[in-house]
Amino acid sequence: MTGSEWEGSGRSWRGGIALGAALVLALMLIALILRVSNAAHARDQAASAERHAYNVMLLVRGVGGSMARSEAALGRFILNGDPNVGTIYYDEWVDAGSQLDQLKALTHDDPDQAQLVAGLDLLYDQRGDELAQAAAQAAQRKGWQAVKLFSRAAESNTVPSITRSLVAIEQGQRQILATRAQQSQDLTSEANSFAYLLSLTGIALVLVAVGLGFATAYALAERRRSDALADEETGRAFSLESAVAERTRELSQTNRRLETEMAERAAAEAQLRQAQKMDAVGRLTGGIAHDFNNMLAVVVGGLELARRRLEKMGGGDEVTRQIDSAMEGAERAAALTRRLLGFARAEPLLPEGLDPAALIAGMLDMLDRTIGERVEIATEVAPDAWSVWVDKHQLENAILNLAVNARDAMAGHGRLLIALDNLALDDGEVGDAAAGDYVRIRVEDVGAGMSAAVLERVFEPFFTTKPAGQGTGLGLSQIFGFVRESQGEVAIRSTEGVGTAVSLYLPRYAGATASVDPIEPPLPANAPTGEPILLVEDDPRVLAATRGALEELGHRPVACESGTEALALLETRPDLRLIVTDVVMPGMTGPELIAAVRLQRPDIGALFVSGFVGEAGDATNLAGGELLRKPFTIAQLGRAVGDALAKLDAAAAPAPATARISAPRRARRAAAAG
Ligand code: ADP
Ligand code: MG
């Protein structure tokens, strides 16, 4: 039993007793009141009985008196014969009779008295007759007779009988009176004592009431105190409960945070693993591409030389066709290698002025082949589309990636739109793009679209929703990087179940554009020839092919396989104005060689030939030299050598106008080659 329960039962116990006592007292009080009123009533009755007895006694005396006065008046009447006195006799007798009647009425409920009164009544009649005889004699003036009768009447025994009867009645009444008086006294004292008891009870009641009041006040105070205690307990329980709830909430929050942290850590670890994997893949791809380009340079060079020889010999068309198709294969291989390098991000941006409409037109065949026949490709190209200043291969790569994403979103079946238009943007109209003129390339599909959650993350590197092996999550992140580096912006509009449109905003370029025409322009007729050129290349087959190509172009190449050899050669050949060198070589790299040579001969020209501009050749190292990508055609080599020589001529003497036009463009390319 708890404290409050105990107190509660104690309280009810005390309350019960108090109530019982009050009830008993009240009952006693009611009984007393009844008793007192009974006693008062009895006393009143006794008093009235007393009064009654007095009345009876008075009447008894009255009867006796009237009879005595009547007899006395009769005596006088007999003697003097005065009629007035006779009237007194008569009246007094009648009066006694009526008093006797009253007495009868008063005593009829008391049998003893009634009997006595009845006896008295008989005696009254008897005596009346005796007196009436004497009175009649006197009235007839027979005085004597009357005296005789009167004195006989005086001797008659009715007189003592009447007296006895009167005394008996009076004595009876006295007896009754005494009893009544005693009774009345008893009752009065009883009533008094009851009244006394009553007042005592009243006092007791008042005391009990006061006690009850105190008890009630105490109980109320108790109740208030225990209520307060209970309130306090409830409050404590409530605050305990809310504290528990708070702790639980905190715990679950911590739990959630831990879970999120764990998930984030797992995701970060997965991302790191993926990044490391991609890094390794990138290195591997870069290395492979480098070797591949070297081999392709040999193949392309060899094929071209063979074709030229054949042409000179006036050889058969059949062989030329074979060589051309082999050449096409080699060029495709070169394009593939370039894409591989782009994917591995091993290739720096080489921006140039481009006509995007021509670029898109040139890509359509390849896109058709890549994304399959079941995807219909439509184009909406504005006829007056502006030029852009971007890396051509990267842009091609971006468009290809968008097309592949679109194909995947349409499950290989649907309509793909490539749109191109001009646009003047305000500051902040699209993403972070600054105000200005832009070319917009929009690739739109009718595929699955993206949820908001996916849309939010698409630019994250390695974010993909495609199953392992099908997506790398690098497509959009690369596009984003490339477009941002080109001062452009990417915007995506996508509705789930409806489709997606990805827009590339590329800043307008006001300068001239390079031709994206795959058909090579012929070498200018006035191209310089007979130039002594130092050729440095560590791969002997590439060296042989390049040397053959230079000879084919009419130059006089001096070949060597390393930087040290080249430095030694230059000592003895001051006539060498131009060095054509590989970039990545064991020992001394191409840029290192040029830097060393320029210490002695700052005016010497340099043309870098590279299959992979990766770690070994960053932009600063390539500064002051032209860059030719492997594999190259003889014509490309011829133009590159011609440009380099023209630049040397321009530096030596005031240049002709034509050289000025081409030189700055090439220089910009090299400067941006980082
Ligand atoms: P990947 O194609 O390797 O998954 P991307 O960076 O190209 O990587 O794309 C990332 C993700 O963005 C895709 O996995 C896909 O969920 C979503 N996505 C990209 N392009 C589209 C598109 N055209 N329609 C629907 N979802 C797309
Ligand atoms: Mg993709």
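Both counts, for ligands and for their atoms, begin at 1 and track the order of listing.
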Next item on the list: Measure the distances from the heavy atoms of A448 to every atom of ligand 1 and state whether one is below 4.0 angstrom.
Entry: no

Rounded to the nearest 0.5 angstrom, the OG-CG distance for S486 and L504 is 10.0 Å

So the atoms of ligand 1 within less than 4.0 Å of a heavy atom of A409 turn out to be 22 (C), 24 (N), 25 (C)

For T379, the side-chain hydrogen bond (donor to acceptor under 3.5 Å, both in side chains) test, sequence neighbours excluded, returns none

The reported gap from CD in E561 to CD in E537 (rounded to nearest 0.5 angstrom) is 8.5 Å

Per side chain to side chain contact (heavy atoms under 4.5 Å, CB included), T581 is matched among I594, D538, T589 by I594

Filtering I479, N405, L455, V458 for the heavy atom nearest atom 17 (C) of ligand 1 leaves V458

Residues at least two apart in sequence or cross-chain that pass side-chain hydrogen bond (donor to acceptor under 3.5 Å, both in side chains) with Q487, listed by chain then number, are none

*Do ligand 1 and K466 have nitrogen or oxygen atoms that lie under 3.5 Å from each other?*
yes

Interatomic distance, NZ@K630 vs CZ@F632, rounded to 0.5 Å, equals 7.5 Å

Next item on the list: Ignoring angles and geometry beyond distance, decide whether V454 reaches within less than 3.5 Å of ligand 1 through its nitrogen or oxygen atoms.
Entry: no

message = Please determine whether any non-hydrogen atom of D445 lies less than 4.0 Å from an atom of ligand 1.
response = yes

Exercise. Give the ring-plane orientation class for Y438 versus Y505, where under 30° counts as parallel, over 60° as perpendicular and anything between as tilted.
Key: perpendicular

Problem set entry | Test item, G447 contacting ligand 1 (heavy atom, 4.0 angstrom) | no

Contact region, L476 to ligand 1, non-hydrogen atoms below 4.0 Å, reads both

Counting from 1 in the order shown, the ligand 1 atoms closer than 4.0 Å to a non-hydrogen atom of M450 are 17 (C), 18 (N), 21 (C), 25 (C), 26 (N), 27 (C)

* To do: Give yes if a backbone or side-chain nitrogen or oxygen of S477 is under 3.5 Å from a nitrogen or oxygen of ligand 1, and no if not.
  => no

